[in-house]
Amino acid sequence: MKSNKIFKIVNQAIKYMWKIDKKHFALGLIFALVSAIDPLYNILPLKIVLDMLATYFSIVRCQLFFLCVLSFAVLTNFFAQWYRNRYLPVLNLNVQHETRRKVFTKSYDINYANFDDPSFYDNYKLVLNQIDSGITGITGSLFGFLAQVLSVLVVGSIVLVTDPVLIFLVIFQVTLSVLLNIKSGKINYEFDVENIPHERKKQYVGRLFYLQEFLKDLKVLNFLEVLFDWQKNSYNESIKVVKKFFLKKSTISFLSTLINMMLKICIYIYLAWSVFEGKNSLGDFASMVAATVSLSSLLTNLASIIPNMDRQCRYVDKLFEYISPTSNNASRTPVVFKDELSFEKISFKYPGSAKIVLNNLSLNIKSGQRIAIIGENGAGKSTLINLLMGLYVPDCGEIVVDSTRYDIEKFPLFINNAATILQSSRVYAFTIAENILMHPINSDNDVLLVNKALEYAGLAEKVRSLPYGIKTNLSTEFDPQGVQFSGGEIQKLALARAYASGKNLWIFDEPSSNLDPIAEHEFYKKMFDAPKDKTILFVSHKMRSASLADIIFFMHDGVFVESGTHEELMRKKGRYYDFYMIQNSEVS
C-alpha cells in the first residue's frame with residue numbers, strides 16, 4: 001500500500017479515536033515514554049555493577065543505586081499496569097461498541113440486494129474481522145511505534161557513545177528485516193483475501209450447529225453427510241491456498257531467521273575482539289551484549305510495526321470504506337403513505353438473473369382498503385412485497401405516494417408507516433414487550449399499549465400466565481426463565497407488533513402458512529377486525545381468506561391477469577375461479 005494511503009487511513013483512525021476519547025493520546029504518549037525506559041533496566045545496572053567490581057565496590061552505593069532504580073520501576077510499572085489492564089480494555093470496549101453500531105447501522109441501511117452478491121459477503125467478512133480491534137490496533141501500533149523509536153534513541157545513544165561500529169551492524173540487520181517484513185505482510189494479506197470465501201463456508205456450517213432453528217432441521221432431516229462433505233471441500237480449498245503460499249511465506253521467514261542469526265554472531269565476535277584488544281572494558285562488553293540484543297530486538301519490532309501497519313491499514317481501509325456515508329449504495333428513501341399509493345409499470349429481475357420476475361406491473365392502494373394478492377408459487381407475490389418494503393430496486397417504473405412521483409433514481413423507497421408480517425416472523429432474545437414495541441419500555445403508556453396489542457392479537461391470557469408477564473424473555477439461550485413460543489403464537493405476536501406500531505399500512509406475506517386451520521381462521525378474523533383506518537395488503541394462496549378482501553389481484557408470471565371482488569372474479573370464471581374451485585374441491 002502506498003505511503004500516502006497509509007497516512008490517510010492512520011489519520012482517519014486518529015480522528016475516529018479522538019472523537020471517542022481525547023485523553024487517549026496524552027495517556028498513550030506517557031505510556032510510550034514509560035515503555036521507552038524499560039530496556040535500560042537490562043543495560044545500565046549490569047554495566048554499573050561490573051564497573052564497580054573493576055574499580056571500587058561499595059555495598060552502600062550499590063544498595064542506594066538499586067533502591068532508586070526499584071522505586072522508579074515501581075512507579076512506572078504501576079502506571080503501565082493501570083494503562084494496560086484498566087484504561088485500554090475500557091477504551092477498546094467503547095470503540096468496539098461505537099464501531100459495531102456504525103457497521104450494523106450501515107448493514108441495515110444499505111441496499112438489501114448487496115446480500116445476494118458473494119463478493120459483497122467476502123468484503124463484508126473482512127469488515128467484520130476488523131470490527132472489534134482494527135481501529136484500536138492502528139492507534140496501538142502508532143503508540144507502539146513511538147515507544148520503539150524512543151527506546152531505539154535511548155539504547156542507540158548508549159551504544160553509539162560506547163562503540164559506533166555496533167550501530168551500523170544493527171542497522172544493517174534491521175534494514176534487511178524491514179524489507180522482508182514488508183514483503184511478508186503483503187503475502188499474508190493476499191493469503192487472507194484468497195482464503196476468506198472458504199473461511200466463510202466453514203463458519204456457515206458452524207452457525208448451523210449453533211442456531212436452534214437450524215439445529216432442529218438438522219436433527220429431523222439428518223443431512224450431516226451433505227454438510228460435512230461441504231465443510232470438507234471448504235477445508236480442502238483452504239489447504240490448496242496454504243500450499244499455494246507455502247513457498248513464499250517459508251522463504252521470507254527462512255531468510256529473516258538466517259540473516260538475524262548471522263549478524264548476531266558477527267556482533268558477538270566483534271565485541272569479544274574489542275575487549276581482547278583493550279578498546280572496551282568487561283562492563284562495556286556485558287552491557288553492549290545486552291544493549292545490542294535489545295537494540296536489535298527494538299529495531300526488529302520497529303521494523304515489524306511498519307509492515308504490520310501496512311497490513312492493518314489494508315484491512316481497516318475496508319472498514320472505513322464500508323461505514324463511509326457514500327459506500328454500498330445510498331440508504332432507502334423514507335416516504336409516508338396517507339391516502340393513496342401506486343406502483344406504475346414496475347419491472348424487476350433479481351441481481352445476476354436474466355428472469356423477469358415482475359413485468360410492467362401496476363398496483364393501486366387506497367387508504368382503508370383490504371387488498372389480497374393471490375397466485376401460484378413463483379408468480380412474483382413475495383417479490384412485490386420485497387419492493388414495497390424497499391428491499392430491492394426495480395429496473396424501471398415509478399411509485400406514486402399521495403400524488404408525489406418517485407422514479408427509480410429515488411429507489412429503494414421505504415414506506416415509513418408500513419408494518420410487515422412475513423411468512424416466518426422472527427422473535428428475538430428480548431422481553432415480550434420489547435418484541436412487540438421494538439424498543440424498550442419507556443413509560444406507562446408503553447405498558448398499556450403492549451397489553452392492548454396482546455388483547456387484540458389473542459395472546460393476553462397466555463402472557464398473563466407467565467411469571468414475569470410482558471417482561472418474560474422470548475428465549476432460553478440467555479435466560480433460563482425465558483419461554484419458547486409456538487409457531488402460531490409467534491404469528492400472533494407479529495400481529496400484536498403491527499398493532500402496537502401505530503402504522504397505517506399493514507403488509508402480510510403468507511402470514512398463515514405455518515398455522516393450523518383453527519389458528520388460521522382466528523388469525524384472519526383478527527386481521528380483518530383491524531381498526532378501519534388501517535390499510536391491509538396481504539399475499540396468500542389460500543382462497544377462502546382472500547374472498548373477504550375488498551379487491552383481489554390474481555398474479556401470474558409477474559403480472560396481474562385479473563382483479564376485482566370475489567364475486568366479480570368468480571363470475572368471470574378465469575384463473576381465479578379455477579384456482580378457487582381446485583382449492584375448494586381439495587378441502588372438501
Side-chain angles (χ1 to χ4, degrees), residues 1 3 5-45 67-103 127 129-158 181 185 294-295 297-320 323:
M1 183 176 281
S3 58
K5 181 71 171 176
I6 292 175
F7 287 130
K8 180 183 176 182
I9 296 167
V10 170
N11 186 46
Q12 282 181 283
I14 290 171
K15 288 180 179 178
Y16 190 92
M17 296 292 288
W18 180 263
K19 289 180 181 178
I20 295 174
D21 190 352
K22 294 178 176 62
K23 66 178 179 292
H24 171 53
F25 296 92
L27 293 171
L29 180 60
I30 295 171
F31 180 74
L33 292 170
V34 168
S35 299
I37 300 168
D38 275 348
L40 296 180
Y41 298 133
N42 298 321
I43 299 170
L44 291 182
L67 182 62
C68 292
V69 171
L70 182 62
S71 300
F72 189 75
V74 168
L75 183 64
T76 55
N77 191 258
F78 178 80
F79 171 80
Q81 294 304 321
W82 172 83
Y83 182 82
R84 285 196 195 100
N85 300 319
R86 169 65 172 81
Y87 173 73
L88 271 187
V90 173
L91 174 68
N92 290 339
L93 289 171
N94 288 332
V95 174
Q96 285 176 21
H97 176 257
E98 178 64 13
T99 307
R100 281 171 171 257
R101 186 187 66 80
K102 285 180 178 292
V103 168
V127 169
N129 284 347
Q130 299 303 306
I131 198 171
D132 287 339
S133 60
I135 297 172
T136 52
I138 284 184
T139 54
S141 294
L142 197 62
F143 287 122
F145 180 80
L146 179 60
Q148 296 293 320
V149 168
L150 293 174
S151 295
V152 166
L153 291 175
V154 172
V155 177
S157 298
I158 296 172
N181 283 335
S294 179
L295 185 60
S297 176
L298 288 169
L299 285 169
T300 301
N301 290 338
L302 186 61
S304 69
I305 289 175
I306 296 170
N308 283 342
M309 181 77 81
D310 176 90
R311 186 183 180 196
Q312 284 176 316
C313 286
R314 290 174 188 269
Y315 290 122
V316 174
D317 185 37
K318 298 283 187 184
L319 174 59
F320 281 134
I323 63 177

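Side-chain atoms of Ser141 and Gln312, non-hydrogen and from C-beta on, do get closer than 4.5 Å to each other. With contacts defined as side-chain heavy-atom distances shorter than 4.5 Å, the pair Val127/Tyr315 does not qualify. Between Gln96 and Ile131 there is no side-chain heavy-atom pair separated by less than 4.5 Å. With contacts defined as side-chain heavy-atom distances shorter than 4.5 Å, the pair Ile30/Tyr83 does not qualify. Residues Asn77 and Gln81 meet the side-chain proximity criterion, which asks for heavy atoms closer than 4.5 Å. Taking the side chain as every heavy atom from C-beta outward, His24 and Tyr87 approach each other to under 4.5 Å. The closest side-chain heavy-atom distance from Leu91 to Met17 is below 4.5 Å. You'll find the side chain of Phe31 stays beyond 4.5 Å of the side chain of Leu88, heavy atoms only.
Closest non-hydrogen pair, Ser133 versus Thr136, comes out as O-OG1, 3.3 Å. Nearest heavy-atom pair, Ile9 versus Phe320, reported as atom, atom and distance to 0.1 Å: O-CE1, 3.9 Å. Closest non-hydrogen pair, Ser151 versus Ala36, comes out as OG-CA, 2.9 Å. Across every non-hydrogen atom of Ala13 and Thr139, the tightest pair is O-CG2, 4.2 Å. The two residues Arg100 and Asp132 come nearest to each other via the heavy atoms NE-OD1, 2.9 Å.
Annotation: the span from Leu93 atom CG to His97 atom NE2 amounts to 10.5 Å, rounded to 0.5 Å. Note: Asn129 CG to Lys318 NZ = 12.0 Å, rounded to the nearest 0.5 Å. Rounded to the nearest 0.5 angstrom, Phe143 CZ and Leu27 CG are separated by 8.5 Å. Lys15 NZ to Ile135 CD1: the interatomic distance, rounded to the nearest 0.5 Å, is 14.0 Å. Atoms CD1 and CG, from Ile37 and Leu150 in turn, are 9.5 Å apart once rounded to the nearest 0.5 Å.
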Could you please spell out the steps behind the side-chain contact (heavy atoms from CB on, under 4.5 Å) verdict for Ile14 and Leu142? CA-CA 9 Å; Ile14 290 171; Leu142 197 62; 3.6 Å; yes
Go through the steps to decide whether Gln12 and Phe7 satisfy the test side-chain contact (heavy atoms from CB on, under 4.5 Å), and finish with yes or no. CA-CA 9 Å; Gln12 282 181 283; Phe7 287 130; over 6 Å; no
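Salt bridge annotation for Lys8-Asp317: absent, with no cationic side-chain nitrogen under 4.0 angstrom from a carboxylate oxygen.
Here Val149 pairs with Phe145, Leu153, Leu302 under the side chain to side chain contact (heavy atoms under 4.5 Å, CB included) rule; sequence neighbours left out. Considering only residues two or more places apart in sequence or on other chains, Lys23 meets the side-chain hydrogen bond (donor to acceptor under 3.5 Å, both in side chains) condition with Asp21.
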